[in-house]
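I have placed the structure first, in the form of structure tokens, so that the comments after it can refer back to it.
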There are 2 protein chains.
Amino acid sequence: MTYDVIFSAIGDPTRRSVLEALRHQPMTVGMLAKQMPVSRPAVSQHLKVLRNAELVTVTPRGTANEYALNKKGLEDIRGWLDGMWDDALEAFKSHVEQKPKSKPRRKK
Amino acid sequence: MTYDVIFSAIGDPTRRSVLEALRHQPMTVGMLAKQMPVSRPAVSQHLKVLRNAELVTVTPRGTANEYALNKKGLEDIRGWLDGMWDDALEAFKSHVEQKPKSKPRRKK
DNA sequence: CCTATTAGTAAGCCATGACTTACGATGTAA
DNA sequence: TTACATCGTAAGTCATGGCTTACTAATAGG
């Protein structure tokens, strides 16, 4: 697992739309494409990226492929976020006593 | 606030490096640039994006500009993540009884 | 079988954005 | 004031990646 793969995956708005469409129930590629502004192959390519980032899983059902959210990827994101928080809170605490700011700059 | 701005901001690996460098203590642009593989103007441009996403804050100190993490952006990310979880957990539960998968495809 | 449905891949186009160098603006200190 | 340090922005280059239109593969059903 690399954060690069995960964050570049959710960095794309179309892919986030896919994830949000899968929040309530699994869907096939065709169903997803039908409610999105891009073509089915485009959705297919996005799903490949999401699969690689372990953000979705696939289950073949006949000729259809059913995609669903994958907890793994979401947990990875949470892990990164928690790591940021822990250290950040420390940093915030040790900077409650702010040093004085310099005088404001003249506007151009 | 838009998730587009936030997620496209953290989608870039260099910008995530910046955030991680700021986890422990605030830093100036020069300090950040010194420990990164890109030029100072590049860092400056990234900081502009991070500022716009409310992921960092600036404090002028003389001619130097000190950047620090901004809780706001991190909280926004957590918000998105929590939203995904709530609905996703429901979906997971209602699919514990899996329908049978079709027979596997022949390999090409 | 033969056809229809569903989906992944290949190839190519094109916009977005990440980077560099050059420059201008601001604040500090002698 | 002059020189220096620090920074943001402008302009231009170039690679990345998201999209479309073919095309191919695989399964279900008559």
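These figures come from a predicted structure and were not determined experimentally. Labels below follow one simple rule: chain letters A, B, ... track the order of the sequence lines, proteins then strands, and each chain is numbered from 1.
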Nearest nucleotide by nearest heavy atom, which residue falls closer to the 5' end of DNA chain C, A:M31 or B:H46?
A:M31
Let me know the distance between [atom1] of [X] and [atom2] of [N], rounded to the nearest Å.
X     : N      : atom1 : atom2 : value
B:R15 : C:dT16 : CZ    : P     : 16 Å
A:L50 : C:dG8  : CG    : C1'   : 15 Å
B:R51 : D:dG8  : CZ    : P     : 6 Å
B:D4  : C:dG17 : CG    : C1'   : 15 Å
B:R61 : C:dG27 : CZ    : P     : 15 Å
A:F7  : D:dG17 : CZ    : C1'   : 20 Å
B:N65 : D:dT9  : CG    : P     : 10 Å
B:L47 : C:dA18 : CG    : P     : 13 Å

Closest to the [X] side chain: [options]?
X     : options               : value
A:A64 : C:dT6, D:dC19, D:dC7  : C:dT6
B:S39 : D:dG8, C:dA7, C:dT21  : C:dT21
A:T28 : D:dG18, D:dT6, C:dA7  : C:dA7
B:T63 : D:dC7, D:dT6, C:dT5   : D:dT6
A:V38 : D:dT20, C:dC19, C:dG8 : D:dT20
B:D12 : D:dC19, C:dA18, D:dG8 : C:dA18
A:P41 : D:dG18, C:dT9, D:dC7  : C:dT9

It should be established whether A:Y67 places a side-chain nitrogen or oxygen under 4.0 Å from OP1 or OP2 of nucleotide C:dG8.
yes
Quick one: is C:dC19 close enough that its OP1 or OP2 comes under 4.0 Å of any side-chain N or O from B:S44?
no
Do B:Q45 and C:dT20 have a side chain to base donor-acceptor pair shorter than 3.5 Å?
yes
Would you say the base of D:dG8 and the side-chain of B:R40 have a donor-acceptor pair closer than 3.5 Å?
yes
Charged N-O contact under 4.0 Å between B:D82 and A:R78
yes
Check this for me, if you would: do A:R16 and A:D12 make a salt bridge, where the nitrogen-to-carboxylate-oxygen distance has to be below 4.0 angstrom?
no
With rounding to the nearest 0.5 Å, note down the distance linking CE in B:M1 to CG in B:N52.
12.5 Å
Looking only at heavy atoms, which two atoms of A:L19 and B:W80 are closest? And how far apart?
CD1-CH2, 4.1 Å
May I ask you to check whether over 12 heavy atoms, not counting those of B:K34, lie within 6.0 Å of atom NZ?
no
